[in-house]
Amino acid sequence: MGTEKRCHSVTLDRPSCKGCTTCIRYCPTQAIRVQQGKAKIIDERCIDCGECIRRCQYHAKKAITDGFDILDNFKYKIALPAPAFCGQFSKADDFDIMLTGLKMLGFDHVFEVARGAEVVTAKMKELIHTGLIEAPVISSACPAVVRLIAVKYPDLMSHVAPLTSPMEAAAEMARKEAVEKTGLKDEEIGVIFITPCPAKVTAIKWPLALEKSNIDGAISIKDVYMRLAHSIDKIEKVEHLSSAGRDGVRWANHGGEAEALGIERYIAVDGIANVMEVLEKLEDDMIKGIDFIETLACTGGCVGGSLTVENNFVANSRIRRIADKIDREPNAVPRLDGMYWNRKIEYKPFSPLDEDFSEALKKAARMNEIYAGLPQLDCGSCGAPTCKDLAEDIVRGKANETDCIFKLRERVSMLAREMAELESKLPPSME
Ligand code: SF4
Ligand code: SF4
């Protein structure tokens with residue numbers, strides 16, 4: 001993973017950035033710096049959580065997703081709507097209306113990711129019972145959280161379920177069905193995910209634990225919403241397209257995955273700051289008697305993703321209401337080839353201070369020295385999120401001590417004193 005090309009969805013729109021430093025305070029992996037009045041994302045640290053997109057009032061952070069023109073590349077197009085998709089439309093109170101709406105946008109078929117969630121739920125139950133994964137087992141459904149653990153809490157990787165995500169499971173099922181039905185070749189079938197967040201776009205373009213994604217592209221829920229918002233309540237012929245059971249549909253909401261598992265001793269945590277708090281407790285061995293932890297980076301779960309439209313509480317309530325009406329049993333669990341991760345996660349996000357170990361030790365000592373001399377207020381006015389980060393940037397040659405306004409003031413006062421002293425040594429003028 002260290003040497004391959006990184007492909008992030010979250011990027012900076014440089015002209016829109018005002019250098020206000022708001023985003024640096026909220027990035028969970030300290031991946032943003034503001035230098036010369038503009039933000040910069042440190043590629044190797046970003047987990048594509050989308051937190052900076054939510055926080056930037058100037059809309060300078062954005063997620064790159066595919067456009068509808070991606071459909072032109074395929075003969076048969078399948079939409080894979082995330083469970084959160086169905087919470088977005090205030091006028092539609094039936095999944096089939098929303099899924100029919102998707103077909104109107106040029107898709108030949110719609111396959112709910114909630115079907116994939118059903119399969120992952122069944123496999124997760126098996127995995128927990130085998131006891132092969134260190135308890136408590138942490139869900140791997142949220143790609144931002146898996147990257148967060150790999151970056152900041154690597155010792156907890158042994159708790160993470162090495163299971164594929166619902167969108168990947170759904171993609172494999174949808175593709176197999178389509179090949180059988182149409183007789184087309186794999187590459188003629190386009191499987192497009194309708195995504196609530198940038199982390200899932202990155203998981204498709206640059207998978208962490210899979211050799212290759214089953215999905216060909218990702219269009220944001222926002223872009224789909226823009227096209228459908230005004231026409232969805234005017235659909236005359238609604239097709240019966242939904243087939244997922246209630247438990248799969250509820251995955252969109254915080255707690256949905258844990259409830260579907262039907263186990264008693266679980267923690268369901270949402271919002272990146274809360275997730276980090278729980279992971280830190282687990283690292284400190286302070287979580288006991290728990291079998292499963294559901295961790296979702298966005299507040300409210302996937303309904304709170306930064307590429308959704310509806311308020312997450314409203315979407316949550318709508319999904320709950322519609323899901324309660326579903327009286328279907330979960331679908332039979334098919335045999336899938338790609339249920340488990342097929343490559344080891346070797347995520348080395350933070351380059352060492354130096355390739356040479358003894359040099360790295362010297363630089364670490366210098367870093368601590370610099371840090372001790374900084375005000376330790378973590379004010380962010382230097383453009384780094386904390387004084388520790390500034391000390392590290394200085395040692396890496398990416399910042400100067402005088403980027404700290406307190407250090408700059410000290411330096412200016414010192415220079416002023418020296419100037420005054422020198423001036424006092426000047427011989428009297430001829431006049
Ligand atoms: S929040 Fe970050 S990206 Fe947005 S304007 Fe401020 S510094 Fe730039
Ligand atoms: S997407 Fe998340 S990790 Fe990446 S820069 Fe933004 S806040 Fe930081």
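Keep in mind that what you see is a predicted model, and the values were worked out from it rather than measured. Order of listing sets the numbers, starting from 1, for every ligand and every atom in it.
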Any ion pair linking [Y] and [X] (charged N to carboxylate O, less than 4.0 Å)?
X	Y	result
Arg250	Asp324	yes
Lys398	Glu392	no
Asp337	Lys176	yes

One residue to check: [X]. Relative to ligand 1, which of side chain, backbone, both or neither has a non-hydrogen atom less than 4.0 Å away?
X	value
Ile32	neither
Cys23	both
Lys61	side chain

For this session: With heavy atoms of Cys46 as the reference, note each atom of ligand 2 found under 4.0 Å away.
Result: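 Listed by number with element: 1 (S), 3 (S), 4 (Fe), 5 (S).
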
Exercise. By number and element, which atoms of ligand 2 are closer than 4.0 Å to a non-hydrogen atom of Glu51?
Worked result: 7 (S)

At a 4.0 Å threshold, what atoms of ligand 1 neighbour a non-hydrogen atom of [X]?
X	result
Thr22	1 (S)
Lys18	5 (S), 8 (Fe)
Tyr58	5 (S)

Exercise. Counting heavy atoms only, which part of Ile47 comes closer than 4.0 Å to ligand 2: side chain, backbone, both or neither?
Worked result: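 Both of them.
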
Exercise. Will you find, in the side chains of Ser140 and Trp341, an N or O donor that is under 3.5 Å from an N or O acceptor?
Worked result: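 Ser140 vs Trp341: no donor-acceptor pair found between side chains.
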
Exercise. So which of Leu282, Asp291, Ile293, Ile138 actually passes side chain to side chain contact (heavy atoms under 4.5 Å, CB included) with Ile267?
Worked result: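 Option passing the side chain to side chain contact (heavy atoms under 4.5 Å, CB included) with Ile267: Ile293.
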
For this session: Give a yes/no answer: is there an N/O/S atom of Cys17 under 2.8 Å from atom 8 (Fe) of ligand 1?
Result: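 Given the 2.8 Å cut-off, Cys17 counts as a ligand of atom 8 (Fe) of ligand 1.
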
Exercise. Does the ring centre of Phe89 sit less than 6.0 Å away from the ring centre of Tyr225?
Worked result: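 Yes - the distance between ring centres of Tyr225 and Phe89 falls below the 6.0 Å cut-off.
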
Exercise. So which heavy atom in the protein is nearest atom 7 (S) of ligand 2, and how far is it from that ligand atom?
Worked result: Cys52 N, 3.5 Å

Seminar exercise, completed: For atom 4 (Fe) of ligand 1, the closest protein heavy atom turns out to be Cys56 SG, 2.3 Å

For this session: Can you see which heavy atom on Leu353 is nearest to which on Ala360, and at what distance?
Result: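 Taking every non-hydrogen atom into account, CD1-O, 4.0 Å.
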
Exercise. Strictly under 2.8 Å, is any N, O or S atom of Cys49 next to atom 4 (Fe) of ligand 2?
Worked result: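 For Cys49, the answer is no, given that no N, O or S atom comes within less than 2.8 Å of atom 4 (Fe) of ligand 2.
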
